[in-house]
Amino acid sequence: MRKNIVKVLSLTMAFVASMSVLAACGGTGNGNGTTMIVKYYDGAYGKEWLEKAAQDFVAAKKAEGVDVSYRLVPDTQVNTSAVNELNSGTGLADIYMLQDYVWTDWVTSGKLEDLTSVYNTEVNTSVGKQKIKDYMADGYSIQYYSQRKAGVGDYMPWAMPWSMSQIGFVYNENILKSTGRETPPETVEELISYCADLNGMGITPFAFPGNESHWFRYIIQVWWAQYQGAYEENTLNVAEGAGAFYDYWNMSDAEVLKQKGIQVGIDTVQSLFVDTSTKTWKNSLANVNSYYVKDAEKAFVEGKAAMLLGASFMYSEVEKYMQDGVVYKMMNMPTIANAQTDANGKALNMNYYTSEDFMVVPKEAKNKELGKEFLAFMCNEEYLLDFIQKTGTLRPFKYADSVLDAKALGLNEFNSSVLEVYKTSDVRLVSLPANITTPQTRTLVSLYNDMPINGKMDWASFASKMKSSTSASIMSEVYSVTQPKIQEWINNNL
């Protein structure tokens, strides 16, 4: 899972009425006049950053002589709400801020507004005005382009990326130092040794969301890319022509599932988290299968484990449970043997960032032009930096190094560590074809059948097999269930 002048009403009764809306949803809307409605996922990032952006947007419109208001609607089930409201055309918000969903279905069915005008809007940055489409980070900038119907017409952007959370390992620095270490493990071998020392001290190495074990998918991708090579093949391990990590995400068929790096990523997870003799999770909390993300975060900050498979938004979610005097930090992902290196032979520092959160404007939204203006307004650097300050997470843009100063931004120790990992990453991995520069070069299979490493196998089965099968066996089965489905789509659509 990512800004305000409150409208003063002259009549007391109108003020009281508006306060009921503010208490329930946040905002200045009272149901009269032009009220922009933003429905957002209620979790991970909170709403303080969004409230400030909305307040400042209303003030900016007022300065233009346009009287508008806004209403922010938190929704823990916003994806479900969006599906129901977009399909029925009733109760539509002007903006939906969503988590992972197959947005192309809405494009094909004509439910979304084209965001070309947003992408072409110039916004303020520390290096001058830039068009949003040029300011966005690589990969994300073409993520939401597609044709109105597959293979027909021009490519247009239909959604906006929202956040880029880092997913990896968080560690308790106090526990780390109690083992005689000053810095977190830099290699997988060191991480395995650290786990052994922790177990010997009676300390549980990891908390992780066993009930949402698809989180393993993200760290598998890091070790896969280290082995396979990110943008180009890592010839320490694979031959030229075998394909790199990003070639997978611009897949033309299911053959990319045969990349050896995927198996290496699975092998690495198994070496850390699977007891092959009992076919159960190891180095983890008891009853870990019952833990959701927030349960794992809470257990970690309460000192029940030395590390967490977690995300950069952890602080926002469990700050109230954190222990005084305990330092929590994000670490760089440890490297495997023969990881891809730079020109000097140093292993590339690769970390994983999410690309699933996005924002859309419905085609039939009452105030869709206002919604599009607000999407662009939030991309001014001032509000991107405010997002970092208030959430500890970045939005996917090309920041000047000078503005990413943890002290100047007033970040706490944990969020400062998140920013440091971002700044020192040689490769910021995303589950996108970041090696292409135009939407026209993205394959239709990639766009419409975007496949995680479990392909068409459900994740529960994949996770279960990780505890009992070899990586080669798992991926052979993934290929066998995925290839026919992909080929069927190709036959029907190309």
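Excluded from the calculations below are hydrogen atoms, water molecules and symmetry mates; all remaining heavy atoms, backbone and side chain alike, are included. Computed from a predicted structure; not experimentally measured.
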Between [X] and [Y], a side-chain donor and acceptor under 3.5 Å:
X      : Y      : answer
Asp42  : Thr76  : no
Thr125 : Gln130 : yes
Thr438 : Thr441 : yes
Asp105 : Thr108 : no
Asn332 : Asn349 : yes
Asn435 : Asp247 : yes
Glu85  : Tyr96  : yes
Ser312 : Thr393 : yes

Cation-pi, Tyr321 ring and Lys298 (6.0 angstrom, 45 degrees)
yes

Regarding Arg428 and the six-membered ring of Tyr422, is the cationic atom NZ or CZ under 6.0 Å from the ring centre and inside 45° of its axis?
yes

Any non-hydrogen side-chain atom of [X] less than 4.5 Å from a side-chain atom of [Y]?
X      : Y      : answer
Arg395 : Met378 : yes
Asn211 : Ser290 : no
Glu373 : Lys61  : yes
Tyr101 : Phe358 : yes
Phe462 : Pro452 : no

Could you tell me if the ring centre of [X] sits under 6.0 Å from that of [Y]?
X      : Y      : value
Trp249 : Tyr246 : no
Tyr135 : Phe397 : yes
Tyr218 : Tyr352 : yes
Trp215 : Phe208 : no
Trp49  : Tyr383 : no
Tyr41  : Trp162 : no
Phe57  : Tyr70  : no
Phe206 : Phe300 : no
Phe216 : Phe273 : yes

Between Val327 and Lys329, which heavy-atom pair has the shortest distance, and what is it?
CG1-CE, 3.8 Å

Which atom pair, heavy atoms only, marks the closest approach of Val430 to Ala434?
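For Val430 and Ala434, the tightest heavy-atom pair comes out as CG2-CB, 4.2 Å.
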
Got more than 12 heavy atoms from elsewhere within 6.0 Å of [atom1], [X]?
X      : atom1 : value
Asp154 : CG    : no
Glu364 : CD    : no
Tyr292 : OH    : no
Lys423 : NZ    : yes
Glu381 : CD    : yes

Partner of Trp103 by ring pair (Phe, Tyr, Trp, His ring centres under 6.0 Å), out of Trp158, Tyr144, Tyr145
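For Trp103, the ring pair (Phe, Tyr, Trp, His ring centres under 6.0 Å) test succeeds with only one of Trp158, Tyr144, Tyr145, which is Tyr144.
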
Just do the side chain to side chain contact (heavy atoms under 4.5 Å, CB included) check on Met451 and Thr482 with the steps written out, would you?
CA-CA 9 Å; Met451 289 187 298; Thr482 303; 3.1 Å; yes

